[in-house]
Structures are given as structure tokens and as C-alpha cells.
Amino acid sequence: MGVKQYQIVLVNLDPTVGSKIRKTRPCVVVSPNELNDHLRTVVVAPMTTTSTNYPTRIKVKHNNKVGWVVLDQIRTIGKIRIVKTFTTLNDKEIIACKQVIKETFVD
């Protein structure tokens, strides 16, 4: 299945252990296209419609709903878990995600 960086995909996240976000839900692909094109896995950040304004969460609009990209719960999944693909984040949302990823995981 071909997926692109910052595309929203519907993912079956179960089974999970502990306090990870679970069930089938939209996620944002954060792994680069070079990896997405060649591996059977992708790195995703789950989305939720209920969140507080944490610094590691980006507010986005998808499917006429306001939600949050939960960048503090990034995980690698097998592409087989992807149920459906949707559109990509807009430019403003992508820039916000990149900034949070850099601040959280690089610096």
C-alpha cells in the first residue's frame, strides 16, 4: 500500500498495552517517503478528537472535525494495519508537526 508522509490513514492500533492510544482511528504518517516506499512498516502519530492543548499535540481539521495529532505517542506499525487512506495535512499543519517533532525528538 502506497502511503505518503503527512497523509492521514485509518489504522487498527489494537492490540496495545498500557496507556497507548488504542482502537481503529486516524493517524498521520510521519516517516519519510523514502522509507514508506521501501519498507513494510510506517511511523505514525495517532489522532484523537478529545485532548487538551499539550505542546506535543497539533490541532488539525479532518473530515469536517477538529482533532489532535498526538506526537507524544508516535509508533511504528506494519502497513497491514492500515484500513483506509485519506488526504494529507495542509501546509500549516505540516509545519506545526515538523516543529514539534524537531523540538521533542531532535533538540
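- The shortest side-chain heavy-atom distance between E103 and P55 does not fall under the 4.5 Å cut-off.
- The side-chain contact (heavy atoms from CB on, under 4.5 Å) check on T49 picks up nothing, with sequence neighbours excluded.
- With rounding to the nearest 0.5 Å, the separation of CG in D72 from CZ in F105 is 7.5 Å.
- With a 4.5 Å cut-off on side-chain heavy atoms, I82 and L10 do not count as touching.
- Side-chain contacts under 4.5 Å among hydrophobic residues (ILVMFWY), followed directly or transitively, place L35 together with L39.
- Between the side chain of R81 and the backbone N or O of D14 there is at least one donor-acceptor pair closer than 3.5 Å.
- Between V43 and V29, every side-chain heavy-atom pair lies at or beyond the 4.5 Å cut-off.
- Under the 4.5 Å side-chain criterion, counting only non-hydrogen atoms from C-beta, V9 is not in contact with K84.
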Report the C-alpha distance between V11 and I77 in whole Å, list the side-chain angles of each, state the deciding distance to 0.1 Å, and finish with yes or no for side chain to side chain contact (heavy atoms under 4.5 Å, CB included).
CA-CA 9 Å; V11 177; I77 60 153; 3.6 Å; yes
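- Rounded to the nearest 0.5 Å, atoms NZ (K61) and CD (E93) are 10.0 Å apart.
- For the salt bridge (charged side-chain N to carboxylate O under 4.0 Å, His left out) condition, the pairs that include at least one residue of residues 35-44, sequence neighbours left out, are K4-D37.
- Shortest non-hydrogen contact noted between N12 and V83 is N-CG2, 4.2 Å.
- Hydrophobic clustering, with ILVMFWY side chains joined whenever heavy atoms are under 4.5 angstrom apart, keeps V28 apart from W68.
- Taking OH of Y6 as the start and CD1 of I95 as the end, the distance is 10.0 Å to the nearest 0.5 Å.
- Residues P46 and C27 come closest through the heavy atom pair CA-SG, 3.6 Å.
- Judged by distance alone, the side chain of N63 and the main-chain N or O of K65 form no donor-acceptor pair under 3.5 Å.
- Side-chain atoms of K79 come within 3.5 Å of backbone atoms of N36 as a donor-acceptor pair (strictly under, hydrogens ignored).
- Evaluation of the ring-ring contact (aromatic ring centres under 6.0 Å, His included) test over residues 29-65, restricted to residues two or more places apart or in two chains, returns H62-F86.
- Listed here is the closest heavy atom pair of C97 and L89: SG-CD1, 3.8 Å.
- Rounding to the nearest 0.5 Å gives a distance of 9.5 Å between OG1 of T48 and CD of Q73.
- Once rounded to the nearest 0.5 Å, the distance linking OG1 of T104 with CG of L71 reads 7.0 Å.
- Among residues two or more places apart in sequence or in another chain, the side-chain hydrogen bond (donor to acceptor under 3.5 Å, both in side chains) test is passed with N33 by none.
- For the pair V60/M47, a side-chain contact is recorded, criterion being any heavy-atom separation below 4.5 Å from C-beta on.
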Between L13 and R25, does the side chain to side chain contact (heavy atoms under 4.5 Å, CB included) criterion hold? Intermediate values first, please.
CA-CA 7 Å; L13 295 173; R25 67 175 58 242; 3.7 Å; yes
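- With sequence neighbours left out, the side-chain contact (heavy atoms from CB on, under 4.5 Å) criterion links T88 to Q7.
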